[in-house]
Amino acid sequence: MRISKYMFHTYKEIPSDAQVVSHQLMVRSGMIKKLSAGIYTYMPMLLRTIRKIEGIIREEMNKSGAIELLMPMVLPAELWIESGRWSYYGAELLRFKDRKGADFCLGPTHEEIITDIARQELKSYKDLPKNLYQIQTKFRDEARPRFGLMRGREFLMKDAYSFHTTEEDAKREYWNMYETYVRIFKRCGLKFRAVSAATGNIGGTLSHEFQVLADSGEDEILACNQCDYAANVEMAACHFVENPSVESSNKYTEVETPNKRTVEEVCRFLDVIPSRLIKTILYIADGKPYAFLVRGDFDINESKVKALLKCDELRLANDKEIVDITKAPVGFAGPIGLGIDIFADYSVKGLSGAVVGANKADTHLKGVNVERDIKDIKGFYDIRFAKPGEICPQCRKGIYERFRGIEVGQIFYLGTKYSARMNAEFLDRDGQKKPMIMGCYGIGIGRTAAAAIEQYHDKDGIIWPMPIAPFEVHLMCIGTDSEEVVRRGEELYKKLLSLNVEVLFDDRDERPGVLFKDADLIGIPIRVSVSKKSIEKGGVEVKLRREKASQIVPFERFADDIKRLISEEYKYYSGGEGVQ
RNA sequence: CGGGGCGUAGCGCAGCCUGGUUUAGCGCGCUUGCCUUGGGAGCAAGAGGUCGGUGGUUCAAAUCCACUCGCCCCGACCA
């Protein structure tokens, strides 16, 4: 492709509304154009990268036995009402009416649609298993779209759904997809990590996220520095820590703590360390209040609480509810005499000589002995956030390290959540009707491109990994006033085309500075430049975007050298950089 | 959804507080010419705006007021 014939324009200035590098560079390199909040046009250069990512995904999905189809994006309300998500999904579901006044929505995900197809088409155990996928535009009316393609409202996604006769077979496919995703992201040249994840609103019991490691990532990951355990901080299990027993009197005593509400204030006022304090946090789960205890130096983890209670809706109690439950102002809630179910984190087990709220204004209790004094505890559970530096609960040797990541893919074992609700049943060999066991598997395609830029860039621009670069070679002529330079450039362009190399030929009559700056900005992996200087040295200058040094390649060796270099670059990025 | 901010040329911004000498300006980009050619050159001449929208106040509104739409940031939320 000649730049003079291409749709391509770069910008010197960093857009003021772009906070993250990938967003800034995509705008500056003219790869995206914003139409509305979280809604972008993929310009030709970026579309080439998108198509490459899709190509890798298709190849690997097909190789793994999945079958591609394409479902509609405009979806009638009926199936959503049937699954219960028409009311449950909330404002993220963009709804509208057709001319007859019938309700429709734009598809944010397709469990309902595929389950409807499955129940019509897959009647027998002989039809199973099946794994169906599509690559399609999704729409979610995000409250706050941001960071360019990282969190848009309209975005491209590969979503796959599998149907099985047994739990074992669904789990086999789950791990098959796990391996497939590892291959996909490795082939994209990304450094990533598969981590245990919370299932959120989509439900199910087993899930992994594929996180591209980048400091700008929105997700926090804890990973063991010794073994292979890694999890989203929402999920990361906590190693049980013994609390040393402390001498205490036979009974706890009230102590005045005027206006001291926070852990920090109470600790300073009473001169105790936070690990001797017990926080009492009140939640309302499906309309019913519960209390949760966690040691003062830890934070409660709402995802874990939600998983423990198996509830649909969970929220912190508001100020009025806290006053109603504790009969005290906010800040003095405590577990003794509370009269509602109490769940405690392991971190308070065996704690003695502790400080808790007294359910009485400006008062705490000290010398509390958990097992002796707090009668209403339903049990001890892992309901807190793990912290970096803590012992790994799996190997008990390493410690947690903190990473930031961009979630580019997630896989779920769903069980019968949708099939049961929507009567997606098959006839088993024993003649019994049974609900299909399901899994689902997603990859954010635009986000993968953005994550690649987050991971591979420098101060001058993007450094595309070869497998997903828009072009393989960036050819330029420096000094177009020289006939020889132009002639050589044209020759090389034709040569590269004949070798089936994907080449972008910068044939503009621009000064060298402009050519170099643009080449660095758009980040094509191999740069080939012809100039009087290079011709004097008997060839062309060849430079990798990811390296500083360049070399002169003689014209007669050009074809062989460039082909070798291209294949080396593919290997460099696809050689299993990923960490599992 | 709570809090804050911003809408002026394709992009980035000034002007607004204190209404009228501003014919609405600057930088980048764009067009034409000259010049220059290894890291976003220089000179000259140009094109490009219903100042987000609607209504109001006023002799007079980019500027003041009200409403409205859009966008951005922090937080909450988020298969």
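Within every chain, numbering begins at 1; the chains are lettered A, B, ... in the order of the sequence lines, protein sequences first and strands thereafter.
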Remember a base hit wins even if backbone is also touched, and classify [X] as base, sugar-phosphate or nothing at under 4.0 Å, heavy atoms.
X	value
A:Pro108	base
A:Ala143	base
A:Lys532	nothing
A:Arg527	base
A:Glu92	sugar-phosphate
A:Asp520	base
A:Asp518	base
A:Arg28	base

For atom [atom1] of [X] and atom [atom2] of [N], their distance in whole Å:
X	N	atom1	atom2	value
A:Ile14	B:G40	CD1	C1'	14 Å
A:Asp509	B:U36	CG	P	13 Å
A:Arg146	B:C71	CZ	P	16 Å
A:Phe147	B:C73	CZ	C1'	10 Å
A:Glu142	B:C1	CD	P	14 Å

Is any side-chain nitrogen or oxygen of [X] closer than 4.0 Å to OP1 or OP2 of [N]?
X	N	value
A:Ser36	B:C71	yes
A:Arg511	B:A41	yes
A:Arg144	B:C73	yes

Could you write out each protein N or O paired with an N or O of nucleotides 26-30 of chain B at a distance under 3.5 Å?
unit_1	atom_1	unit_2	atom_2	d
B:G27	N2	A:Glu13	OE1	3.1
B:C28	O3'	A:Lys12	NZ	3.3
B:G29	OP1	A:Lys12	NZ	3.2
B:G29	O2'	A:His9	NE2	3.4

In terms of heavy-atom contacts, does CD of A:Glu264 have more than 12 from other residues, nucleotides or ligands at under 6.0 Å? no
Decide, yes or no, whether a salt bridge links A:Arg404 with A:Asp215 under the criterion of side-chain N to carboxylate O below 4.0 Å.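 A:Asp215 and A:Arg404: not salt-bridged.
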On a whole-Å scale, what distance lies between the P atoms belonging to B:G5 and B:A66?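 It comes out at 14 Å once rounded to the nearest Å.
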Between B:U23 and B:A62 - P atom distance, rounded Å: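 To the nearest whole Å, 12 Å.
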Contacts of A:Phe298 meeting ring-ring contact (aromatic ring centres under 6.0 Å, His included) (sequence neighbours excluded), chain-then-number -> none
With sequence neighbours excluded, residues passing ring-ring contact (aromatic ring centres under 6.0 Å, His included) with A:Tyr89: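 Testing A:Tyr89 for ring-ring contact (aromatic ring centres under 6.0 Å, His included), a comparison that skips the adjacent residues, returns A:Trp80.
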What residue pairs, at least two apart or across chains, pass ring pair (Phe, Tyr, Trp, His ring centres under 6.0 Å) with a residue in residues 520-543 of chain A? none
Tell me, which pairs form a salt bridge (charged side-chain N to carboxylate O under 4.0 Å, His left out) where one or both residues lie in residues 440-458 of chain A, sequence neighbours left out?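 Listed by first then second residue: A:Asp458-A:Arg545.
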Suppose the criterion is salt bridge (charged side-chain N to carboxylate O under 4.0 Å, His left out): which pairs have a residue in residues 18-45 of chain A, not counting sequence neighbours?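 Qualifying pairs, neighbours excluded: A:Asp17-A:Lys34.
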Output yes when a side-chain donor or acceptor of A:Tyr133 lies under 3.5 Å from a complementary backbone atom of A:Tyr441, and no otherwise.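 No, because the side chain of A:Tyr133 does not come within donor-acceptor range (under 3.5 Å) of the backbone of A:Tyr441.
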